[in-house]
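Notes to accompany the following structure.
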Amino acid sequence: MALTSRPRGTNDIIPGDIELWLELEEKIRQVCHAFGYKELRTPLFEHTELFQRGIGDATDIVEKEMYTFEDRGHRSITLRPEGTAPLVRAYIENNLGSGSLPVKLFYYGPMFRYERPQAGRYRQFTQFGCEALGSADPLLDVETIALPLALYESCGLTGFEVELNSIGCPSCRGAYREKLIEFFAPHTDHLCKSCQGRLERNPMRLLDCKVESCQAIMEDAPVITEYLCTDCAHHFSGVRSYLDEFGIPYKLNPRLVRGFDYYTRTVFEVVSSELGSQNAIGAGGRYDGLVEEVGGKPTPAVGYAVGVERLLLALKSQGKLQADMPGPNLYLAHFGGATKMKAAYVAQTLRKQGLWVELDYADRSVKAQMKAANKLNSRFVLVIGEDELANNRAVVRDMQSGQEASVSLDDVGELTKIVGECAK
Ligand code: AMP
């Protein structure tokens with residue numbers, strides 16, 4: 001292992017890329033503000049049991065993908081593989097449901113899953129998620145879809161599609177479960193090891209299996225939508241009506257089940273035509289049982305998680321979200337010695353006003369410094385030589401318009417004003 005290579009499945013976000021990230025983060029905050037979601041930050045690790053109970057121990061994530069370790073106090077700790085269970089834990093622990101409902105929260109940050117890395121699939125990746133707790137209203141399911149769509153649209157993304165399903169509630173799933181077990185029984189020998197192990201424990205998980213031979217069997221499996229109880233069918237029809245009302249196109253996919261046990265009723269995924277096999281740019285659903293499962297009062301809830309890296313990949317391939325790369329506000333060229341000292345003083349004063357000021361640290365020639373200023377795309381340039389030092393005045397040049405102005409170096413208010421005006 002070379003010290004210069006990062007762990008498999010991780011990424012560095014370097015200058016040049018970070019600008020896009022920051023721009024996207026800004027848009028996330030804007031859209032969350034408009035929909036009334038407040039940010040909640042949870043730790044990067046939690047007690048392992050939270051995920052075992054929350055996500056379900058017969059899921060790929062819990063069985064194969066968690067970064068779990070024992071800490072020095074012999075507690076089992078897991079780096080968070082997703083944001084919903086931690087958010088629900090924090091909602092209960094901080095008593096956030098004590099006021100008016102629903103409570104609308106969002107999170108943003110890294111998640112960790114030991115998956116096979118490939119384009120768009122990483123071991124550390126970033127999710128933005130929005131969650132509304134405390135209401136079963138199908139309008140909230142649709143707002144939870146509308147929020148990320150508003151984000152995608154505000155970034156200029158096109159070519160994505162919403163896939164929708166309802167996977168019912170524990171009461172309508174009983175009959176479906178029996179049907180699934182009956183259907184899979186003759187195929188048991190052809191199922192992968194994980195599916196064989198899950199058949200009795202949690203047959204719905206088989207529908208989510210990525211193994212090709214299993215997927216071929218799944219094609220003829222009975223679909224949950226035919227087994228929905230009256231309440232779930234009614235809820236699902238409410239979701240579809242609001243989607244129609246919002247003018248959000250969607251495709252019904254009765255095979256969509258999602259990889260977490262906590263989902264109930266509505267599930268959805270948004271896929272992008274820009275990406276290859278890892279084409280889901282976000283997914284979510286309703287999880288009416290999770291708050292109670294984690295130890296809180298029965299609380300219906302619904303949420304969505306956006307895969308930020310995948311969204312950026314899709315945006316990049318469409319040439320969208322081009323963050324501009326502005327240069328410094330001012331480059332201060334100098335001749336070393338006392339002129340450098342003066343340049344440093346001016347830089348310090350302007351930087352305290354929030355202006356980006358660059359200067360030379362290598363005592364290069366003024367010609368080389370001017371080249372550097374050009375390369376950095378500095379908006380203004382000012383040269384401090386012996387004369388400028390003696391007169392305490394220098395000429396600041398606007399590199400865009402070519403205009404020049406003589407300014408004081410003693411009281412740099414005037415310079416701050418000229419440079420600052422253009423920075424707005
Ligand atoms: P999930 O939490 O599995 O429902 O995933 C929600 C979204 O997160 C997916 O639609 C992807 O966009 C993204 N995502 C999930 N797993 C990964 C991963 N390993 N690497 C990158 N993005 C991921």
Side-chain angles (χ1 to χ4, degrees), residues 9-35 37 39-41 61 80-84 87 105-113 115 117-132 142-164 246 248-251 253 256 258-260 267-285 302-325:
T10 63
N11 291 297
D12 298 312
I13 309 172
I14 58 174
D17 281 338
I18 195 77
E19 290 77 10
L20 295 181
W21 282 79
L22 294 175
E23 180 138 346
L24 180 59
E25 286 166 22
E26 175 72 30
K27 288 194 186 300
I28 287 173
R29 283 173 207 289
Q30 279 166 0
V31 76
C32 283
H33 173 74
F35 280 77
Y37 285 67
E39 184 168 9
L40 184 139
R41 298 186 187 180
I61 293 186
R80 63 180 187 194
E82 59 96 52
T84 302
L87 181 134
L105 301 165
F106 80 93
Y107 60 83
Y108 175 90
M111 306 295 159
F112 307 86
R113 292 183 198 170
E115 291 193 271
Q118 53 179 279
R121 196 206 267 159
Y122 312 105
R123 289 183 175 166
Q124 178 179 327
F125 59 98
T126 313
Q127 280 187 340
F128 149 60
C130 54
E131 317 275 349
V142 173
E143 280 196 10
T144 307
I145 299 173
L147 188 159
L149 294 197
L151 173 70
Y152 300 152
E153 279 162 22
S154 79
C155 298
L157 188 75
T158 53
F160 55 84
E161 188 173 47
V162 179
E163 293 191 5
L164 181 76
F246 278 45
I248 296 176
Y250 59 92
K251 189 172 100 183
N253 176 359
L256 185 67
R258 313 280 304 109
F260 305 85
V267 288
F268 36 84
E269 196 159 271
V270 178
V271 292
S272 161
S273 54
E274 287 304 327
L275 304 173
S277 60
Q278 303 304 314
N279 63 350
I281 49 172
V302 58
Y304 184 100
V306 173
V308 176
E309 285 83 357
R310 285 193 204 169
L311 174 57
L312 284 168
L313 282 175
L315 287 166
K316 270 189 184 171
S317 72
Q318 291 188 345
K320 302 284 169 51
L321 199 77
Q322 273 156 347
D324 41 335
M325 298 269 284

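Remember, predicted model here, so these are calculated numbers, not experimental data. The analysis underlying the following values was restricted to heavy atoms, covering all of them including side chains, and did not include hydrogens, waters or symmetry mates.
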Roughly how far apart are [X] [atom1] and [Y] [atom2], rounded to 0.5 Å?
X      : Y      : atom1 : atom2 : result
Arg29  : Phe106 : CZ    : CZ    : 4.5 Å
Ile13  : Glu309 : CD1   : CD    : 6.5 Å
Cys130 : Leu87  : SG    : CG    : 10.5 Å
Ser272 : Leu315 : OG    : CG    : 8.5 Å

Under 3.5 Å donor-acceptor pairs involving side-chain atoms of residues 145-152, not counting sequence neighbours:
from   : atom 1 : to     : atom 2 : distance (Å)
Tyr152 : OH     : Ile281 : O      : 3.1
Tyr152 : OH     : Tyr304 : OH     : 2.8

Identify the two heavy atoms, one from [X] and one from [Y], that lie closest to each other, and give their separation to 0.1 Å.
X      : Y      : answer
Ala314 : Leu157 : CB-CD1, 3.8 Å
Tyr37  : Leu105 : CD2-O, 3.3 Å
Ile61  : Pro81  : CG2-CB, 3.7 Å

Holding to salt bridge (charged side-chain N to carboxylate O under 4.0 Å, His left out), I want the full list of residues that pass it with [X], two or more places apart in sequence or in another chain.
X      : answer
Glu274 : none
Arg258 : Glu269
Glu115 : Arg121
Glu82  : none

Test item: [X] and [Y] side chains (from C-beta on) under 4.5 Å apart, heavy atoms:
X      : Y      : result
Glu161 : Pro249 : no
Tyr107 : Gln127 : yes
Ser154 : Gln30  : no

I'd like to check the side chain to side chain contact (heavy atoms under 4.5 Å, CB included) partners of Pro110; sequence neighbours left out, ordered by chain and number.
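Here the qualifying residues are Leu44, Arg80, Phe112, Gln124.
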Checking [X] now: which residues fulfil side chain to side chain donor-acceptor pair (under 3.5 Å) with it, not counting sequence neighbours?
X      : result
Gln278 : Gln118, Arg310
Thr158 : Gln318
Tyr122 : none
Arg41  : Glu39

side-chain contact (heavy atoms from CB on, under 4.5 Å) assessment of Leu164 paired with Phe268:
CA-CA 5 Å; Leu164 181 76; Phe268 36 84; 4.2 Å; yes
Acceptor/donor pairs from residues 15-24 side chains to any protein atom, 3.5 angstrom cut, sequence neighbours excluded:
from  : atom 1 : to     : atom 2 : distance (Å)
Asp17 : OD1    : Lys316 : NZ     : 3.2
Glu19 : OE1    : Gly16  : N      : 2.7

Going through the distances and angles, do Thr144 and Phe35 end up as a side-chain contact (heavy atoms from CB on, under 4.5 Å)?
CA-CA 9 Å; Thr144 307; Phe35 280 77; over 6 Å; no
For the pair Thr84 and Glu131, evaluate side-chain contact (heavy atoms from CB on, under 4.5 Å) and give the outcome as yes or no after the intermediate values.
CA-CA 8 Å; Thr84 302; Glu131 317 275 349; 2.9 Å; yes
